[in-house]
Amino acid sequence: SLLFCHPPSDDLYSSVDFGRKWQLIHEHVTPNRFYWSVAGLDKEPDLIHMEAHTPDGNVQYVTCRAQTCTEANRNYPFPGYIDISSLVVQDDYIFIQVGISPRVSETPSSIPEDLHIVSSDEKQVFAAVQEWNQNDTYNLYLSDTRGIFFTLAMENVKTTRGIGGNQMLDLYEVAGIKGMLIANKRQDNQVKTYITYNKGRDWRLLQAPATDLDGNDIHCILPFCSLHLQLHGSENPYVSGAISSKSSVPGIIVATGNIGPELSYNNVGMFITSDAGNSWRPIFEEEHNIWFLDKGGALVAVKQPSVSTRHLWVSFDEGRQWTQHSFSSVPLFVDGVLVEAGAQNQIMTFFGHFSHRSEWQLIKIDYKSIFSRKCTEEDYQTWHLHNQGEPCVMGQKQIFMKRRPGNYCMLGKDYSRILSAESCICRAHDFECDYGYERRSDGNCRASFWFNPSTVSRSCSQGQNYFNSTGYRKVVLNNCTKGVKDMYSARKQQCPNRPPKGLVLTSKDGKLTASMGSNVTFLLEFGDGTAVSYSNLSWTEEGIKHIYKSAGLFRVTALAENTLGYDTTTLFLHVTCPVEHVQLLAPFVIIRNKEVNISAVVLPSQSRTVTYFWWLGNNTEPVITLDGSISHTFTSEGVHTITVQVSAGSSILQDTRSLVVKEFFKSLLLSFSPNLDEFNPDIPEWRQDVGRVIKKVSDFPEEHLLVAVFPGVPTAAELFLVPNKNQSDDRKKCEEELEKASSVIVTALNQNLVEFELKPGVRVIVYNTQLTLAPLVDSSPRHSSSAMLMLLSVVFLGLAVFLIYKFKRFDTFMVPSFSGDDWLGGSERQHAENHSERVHHIQRTHGEGAGCQGQE
């Protein structure tokens, strides 16, 4: 059977006829997160485990059979949503991530930065966890047999960055010997290599070789000097990597390393051990790739691909002596070697190139001729596994069979590698600290500061039994018996009678749920003056629904009691309501290179978490804040656009405003006779319609006059007198001319010379409220008000008509009509015939400078 995930939609298909026909299993499945059934665990051999996406963008863990994977036949082993790319089906375990940290003994309440499953074989999970304060190191944790409770095995395990940029943990599991691990640990700014024979319960440094290749003594004394190994595997499957071992020859390990106070990547050589790490010997002064031939009966070594060679070296005595053989007449850069398996096939295939520009070369070698005969019983000897002389490793004495070093015979088919395994009497080193306990300096396991040993299991009910931990647990797969086993093992005890305990409140799917003891009276107060009470309530699986009528922070309390006592708990709920409206508040005209405050008003104004994205001018990246206001400085003149996007929960709203940036300007606040308020419905459309009615004149330069009408009543507006954009070289003259123009306008307003007819019989007079004496945006109280910032509509051209309606002997201005919602462009400008006579009287008597035509 075959499984195939088809991009770009990532639909999953299966085939049972070697790919001739394909059947759709599920749409939108995460690539590389689908698995066939686990042999021995899943009942159906065609069961598929997959990580599927829902239409609303969430991810679920789904299982179904390949040929009947319809919606009705799909199962959801985990009821909720999971994190994307987190499903792993490996050995006896299924892993998913739901945003909750693993229950590890050292950091029970912290969320790890990163977590990787190192291995899950031998009925135990190895997890590498990177804490918030770690960069290139991880902490190694080991689980119990259920894969639920984790204890710390080693801190600060070093990582090595691979070719693809991925982090590889410097941890090596030795093949053929269970419980034996080698790790590189960072300690006091140094990296050292450690070895364990009991799955991380005890670690020690590696003893360096006594002599070098020339027979000279090496003076390396522990713990100041030791052997350090490079433990990263090879990403190329055709090279051996920095370290290698083989289950068919337990105890032999070949690795690249150095001797000294710490791990180094300079002056490295090749080292080998024949007794499972108890003693080491140097074999090469340079790095080599080393492979096992004939199921480990012989070793073959070739220089690294960076050096061309014509020779290979073969050893039959576990690396003590090496014989040189030529495999090519021309030096070859060896990129890899394929050692073909099989008892009847002794072929090695070398592939590489003669130079960096040459084509690939393949060289096949039949190494059968280097063996003189097949091995017989006399060619084997026994080897006792030990740890520095201690014969009991992982709770048993193991005796292995291996070929005598130096015998040139071929192993051929598999042979019995473990001759015998005898269980040992249990001792203290066969037990590690249990979950919630840590080893102190005296070697004993004591409860961690956060763990209460007297806590009874939540599943423990009256009349049942539970296992009370002594602080120790036997190392997984340790085979020791008797001895101190009973003293260190958990003790079976009867669950005591107790009052309600472990009352917990959670919020789920808008409902309030509680987990509690049995047969109790239950009182729940929601924090808004509402409370409910239940008698003899034994479970609340369906939850208790409550609807809050307002947003805010509420303190929810629960009380559970029976005849033996009571328990209470508290939950703080942050109730929010969706954002319905956002309004951007900003001045209409500002000064260049002067900081301006911009605000966003969110409605309803209930307490909640809101994120603001500010797009200012021509910026390609937004400014992100949690505050509804921001300060910004515009460095160029012209019309600039500001957009704010408000994100609250799953909703996103936005508002956009335009503002004018000038080097300087003058402004006047305008008010109107009260009769205008009677006809003001306070909507943008009405203000725009009024502007269209009164803007009948268009014979004025539009770049000098801007008018903004504020929302609300009483009706008010602000008039801006701005210079021409090309004024930088003649600013003083322009300022004087703007001052003269504003004086003329103020005089006309103060003499009630500006008025207009709203409708027959209704005449509206325009007044001057206040004059800004300096070109400062925020100098006027009206500028700082929300009405000033909320330019919902503007009637520029209309107000121009107000100002020129009875002006006589004054330079002409054009007024562009602008609104907080949109610009009213020049196409809407019209000439009214009934006003032509009044317009005719507006003549230039105030000077040619009114237009501020400066030169750039």
Side-chain angles (χ1 to χ4, degrees), residues 1-100 102 114-128 143-148 164 166 173 175 233 235-238 247 338 340-342 476 508-509 541:
S1 299
L2 301 174
L3 285 177
F4 174 67
C5 189
H6 187 274
S9 59
D10 295 331
D11 297 338
L12 184 64
Y13 294 84
S14 71
S15 174
V16 295
D17 56 0
F18 301 99
R20 295 183 179 88
K21 295 181 181 179
W22 294 90
Q23 179 179 347
L24 177 64
I25 299 297
H26 200 293
E27 297 178 346
H28 201 185
V29 174
T30 304
N32 300 323
R33 297 295 172 179
F34 49 88
Y35 308 86
W36 280 114
S37 60
V38 180
L41 297 179
D42 292 324
K43 296 180 180 179
E44 299 86 2
D46 62 341
L47 188 70
I48 300 175
H49 304 260
M50 67 187 112
E51 185 180 288
H53 295 246
T54 62
D56 56 0
N58 292 307
V59 180
Q60 287 182 304
Y61 169 33
V62 183
T63 62
C64 66
R65 301 189 66 175
Q67 300 302 312
T68 58
C69 194
T70 62
E71 183 62 37
N73 296 322
R74 292 171 183 169
N75 296 315
Y76 301 87
F78 184 77
Y81 299 126
I82 66 175
D83 293 351
I84 189 171
S85 297
S86 68
L87 175 65
V88 177
V89 178
Q90 184 173 303
D91 298 318
D92 296 342
Y93 303 93
I94 297 175
F95 303 94
I96 58 173
Q97 184 172 317
V98 291
I100 300 176
D114 195 14
L115 186 149
H116 295 285
I117 303 301
V118 179
S119 67
S120 58
D121 56 352
E122 297 184 345
K123 299 182 179 180
Q124 190 174 37
V125 178
F126 282 65
S143 75
D144 58 358
T145 55
R146 296 178 298 168
I148 299 177
N166 56 313
E173 190 170 0
E235 296 185 73
N236 181 355
Y238 302 109
S247 59
L338 176 62
E340 300 182 19
V476 175
K508 179 181 179 183
D509 299 332
E541 182 178 343

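Keep in mind that the numbers below use all heavy atoms, side chains included, and drop hydrogens, waters and symmetry copies. This chain uses plain numbering: 1 for the first residue, then up along the sequence.
- Taking each heavy atom of F78 and Y61 in turn, the nearest pair found is N-CD2, 4.2 Å.
- Across Y35 and V88, no two heavy atoms sit closer than the pair OH-CA, 3.5 Å.
- Side-chain contact check for T63 versus N75: some heavy-atom pair is nearer than 4.5 Å.
- In this structure, Q67 and D46 approach most closely via the heavy-atom pair N-OD2, 4.3 Å.
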Worked verdict on N73 versus R65 for side chain to side chain contact (heavy atoms under 4.5 Å, CB included): CA-CA 8 Å; N73 296 322; R65 301 189 66 175; over 6 Å; no
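- Side-chain contact between L87 and Q97 is absent, with no heavy-atom pair separated by less than 4.5 Å.
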Full working for side chain to side chain contact (heavy atoms under 4.5 Å, CB included) between M50 and C69: CA-CA 12 Å; M50 67 187 112; C69 194; 3.9 Å; yes
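- Two residues are said to be in side-chain contact when any heavy atoms from C-beta on lie closer than 4.5 Å; F95 and V125 meet this criterion.
- A donor-acceptor pair under 3.5 Å is formed between the side chain of D11 and the backbone N or O of H28.
- The closest side-chain donor-acceptor pair between T30 and E51 falls under 3.5 angstrom.
- Around atom CG of D56, more than 12 heavy atoms belonging to other residues, nucleotides or ligands sit under 6.0 Å away.
- A heavy-atom distance below 4.5 Å is found between the side chains of I117 and Q90.
- Qualifying side-chain contact (heavy atoms from CB on, under 4.5 Å) partners for V476, counting only residues two or more places apart in sequence or in other chains: Q124, T145, K199.
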Side chain to side chain contact (heavy atoms under 4.5 Å, CB included) between Y81 and V59, intermediate numbers included: CA-CA 6 Å; Y81 299 126; V59 180; 6.0 Å; no
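- Under 3.5 Å, the side chains of S120 and D91 contain a donor-acceptor pair of N or O atoms.
- One side chain, S15 or D17, offers a donor N or O that lies under 3.5 Å from an acceptor on the other.
- R33 and H49 are not linked by any side-chain donor-acceptor pair at a separation below 3.5 angstrom, with hydrogens and angles left out of the test.
- Taking all atoms of both residues into account, the shortest heavy-atom contact from Y93 to D144 is OH-O, 4.3 Å.
- Between the side chain of N58 and the backbone N or O of T54, no donor-acceptor pair lies under 3.5 Å.
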Verdict with reasoning, I25 to I48, per side chain to side chain contact (heavy atoms under 4.5 Å, CB included): CA-CA 9 Å; I25 299 297; I48 300 175; 4.2 Å; yes
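- Among all heavy-atom pairs drawn from I148 and S143, the shortest one is N-CB, 4.5 Å.
- Of all non-hydrogen atoms in Q23 and A66, the two that sit nearest each other are NE2-O, 4.1 Å.
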